[in-house]
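Here's the structure we're looking at; comments come further down.
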Protein chains: 2
Amino acid sequence: MKQAKISEAVVKRLPIYLRYLLHMQQMQIHTVSSQHIGKVLDLNPAQIRKDLASFGEFGKKGIGYDVDYLVEKIRHILKLDREIAVVLVGAGHLGHAISNYNAYLKDNMRIAAIFDADPAKLGTQIAGIAIQPLEELSETIATRNIRLAIITVPAPAAQKVADQLIAAGIEGILNFAPISIRTDRDVKIYNADVTSSLQSLAFYLNEKKEIT
Amino acid sequence: MKQAKISEAVVKRLPIYLRYLLHMQQMQIHTVSSQHIGKVLDLNPAQIRKDLASFGEFGKKGIGYDVDYLVEKIRHILKLDREIAVVLVGAGHLGHAISNYNAYLKDNMRIAAIFDADPAKLGTQIAGIAIQPLEELSETIATRNIRLAIITVPAPAAQKVADQLIAAGIEGILNFAPISIRTDRDVKIYNADVTSSLQSLAFYLNEKKEIT
DNA sequence: TAGATTGTTAATCGATTAACAATC
DNA sequence: TAGATTGTTAATCGATTAACAATC
């Protein structure tokens, strides 16, 4: 209700709620309780209610939440109710995969431009988008009002690319390069590299299953 | 020191520490303090010391940590000091990118098998690995002692694939499908889909920059 | 030695969960 | 109405940070 500072944990759960609610819409289910969502998503119902209540009173006591209404609210909170242009830097295998992935981004989010440092790739297209040289980065971001960025360049280039993106006014970065990107500016950065995730997973391997 | 339960937050930081320590090795730096690591990685030095101290006394008072020794210790903690075979399910664009990414996985981790439901893909190779039909999943996992899995199949297939993997004895799953995978078994699952991450990022867009 | 830095305890901060009055 | 379920406060739990004795 009071727009206190929202924790990152809450923000990361909102897309999960949204996805399930969209699923319910497809199933023609119109009302849902925190208990039901909690059961399906394996979350505590009180947590779901508290998360949602931090943005407003979206439910009805004794009834639950109206699915359509809640979808609308969460999409608004996540700013998915407007067009968001995304730039992708690094047209290698991973960048290629993500841009073809464009279908997933639907919901008003789309990759609007792709950049790569390799001159050999210039002019070629990915998913119908021409690959541009890094020199054009700032201008394209400004003129096309691009606000989020995905980095899929090799590790040694990632921080520099991020610095350029931030200087150009990008407001959020999803970084897949295997290096932690930093900034002292007010830009949200998610580091999401595959290597680190797999290494963390390895921690949980069961010693007892070792063959030795 | 006492092997109390280690929080996931700690486990996620270990690969970050490791990566920076490997970088220091390359730079021929032999000793490092928690203060230095904290400065570079933007973390609280006390947190770094506490994280490491939960596994043993790796440092020297007044001196700091020996880089080589700490690398060895973290690699052991993360179980990266042994061969870990990984299976990839879903040979689409993303799966393709990640398997070519194989270079990154080095450190004794490698993609040992690739599966796909599409009969048209069978027999073709990615990065030198033949794509196999899902029917062979269980047997391959068992005979080749595969312990971790990466899921890059479409959302509707993801949960079923996960169930099969878990039934086959997989101990950890990195899921890129845009759906939260669940299990009641003792298997670690990281959900890492691009769509959710971008949607969370959108939350932080600056209202003031809206063009309206 | 004096300065630096760890490992660890205590303090703080924040997030999750439980409980329940309000109410549909 | 009785049962269900929210929004919210209080309790609990856990993670981060500060502080400092030990010691290299």
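Note that these values count all heavy atoms, side chains included, but never hydrogens, waters or copies made by symmetry. Letters A, B, ... mirror the listed sequences (proteins, then strands); counts begin at 1.
- For the pair A/D68 (side chain) and A/Q25 (backbone), a donor-acceptor distance under 3.5 Å is absent.
- Side-chain proximity of B/E57 to the nucleotides C/dT8, C/dT16, C/dA15 is greatest for C/dT8.
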Name each donor-acceptor pair under 3.5 Å that joins a side chain in residues 73-81 of chain B to protein atoms two or more places apart or in another chain, with its distance.
| from | atom 1 | to | atom 2 | distance (Å) |
| --- | --- | --- | --- | --- |
| B/R75 | NE | B/D107 | OD1 | 2.9 |
| B/R75 | NH2 | B/L80 | O | 3.1 |
| B/R75 | NH2 | B/D107 | OD1 | 2.4 |
| B/H76 | ND1 | B/D81 | OD2 | 2.6 |
| B/K79 | NZ | A/F203 | O | 2.5 |
| B/K79 | NZ | A/L205 | O | 3.1 |

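- Residues A/L198 and A/T195 fail the side-chain proximity criterion, which asks for heavy atoms closer than 4.5 Å.
- Picking from D/dA18, D/dC20, D/dT6 the nucleotide with the shortest atom distance to the side chain of B/N44 gives D/dA18.
- As rounded to whole Å, 11 Å separates atom P of C/dA18 from atom CD of A/Q47.
- Distance A/D51 CG to C/dT17 C1': 12 Å, rounded to the nearest Å.
- B/R49 has a side-chain polar atom (N or O) that falls below the 4.0 Å cut-off from OP1 or OP2 of C/dT6.
- When B/L88, B/V161, B/L165, B/T140 are each tested for a side-chain contact (heavy atoms from CB on, under 4.5 Å) with B/F115, only one passes: B/T140.
- Rounding to whole angstrom units, CD1 of residue A/I48 and C1' of C/dA18 are separated by 15 Å.
- Residue A/A46 is classed as a base contact, given a heavy-atom separation below 4.0 Å to a base.
- A/R13 has a side-chain polar atom (N or O) that falls below the 4.0 Å cut-off from OP1 or OP2 of C/dT16.
- No donor-acceptor distance shorter than 3.5 angstrom exists from the side chain of A/N175 to the backbone of A/A158, with no hydrogens or angles considered.
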Writing each nucleotide of DNA chain C 5' to 3' as (, ), [, ], | or . by Watson-Crick or G-U pairing under 3.5 Å yields ..||||||||||||||||||||||
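- Salt bridge annotation for A/D163-A/R185: absent, with no cationic side-chain nitrogen under 4.0 angstrom from a carboxylate oxygen.
- Ion pairing between B/K12 and B/D51 fails under the 4.0 Å rule for side-chain N and carboxylate O.
- If you measure from atom NZ of A/K50 to atom P of D/dA10, you get 12 Å, rounded to the nearest angstrom.
- Picking from C/dT17, D/dG7, C/dT6 the nucleotide with the shortest atom distance to the side chain of B/S34 gives C/dT6.
- Atom NZ of B/K12 is separated from atom P of D/dA15 by 13 Å (rounded to the nearest Å).
- Nucleotides of DNA chain C nearest to A/E8 and B/F58 differ in position, and the one nearer the 5' end is that of B/F58.
- Contacts between residues 60-74 of chain A and DNA chain D, defined by a heavy-atom separation under 4.0 Å, are made by A/K60, A/K61, A/G62, A/I63, A/G64, A/Y65.
- To the nearest angstrom, P of D/dG7 lies 15 Å from CD of A/Q35.
- Ring geometry for A/Y204 versus B/Y190: interplanar angle over 60°, hence perpendicular rather than tilted (30 to 60°).
- Classification of B/E83 and B/R144 as a salt-bridged pair fails, no side-chain N sitting under 4.0 Å from a carboxylate O.
- Taking atom NE2 of B/H36 as the reference point, atom C1' of C/dT6 lies 17 Å away to the nearest angstrom.
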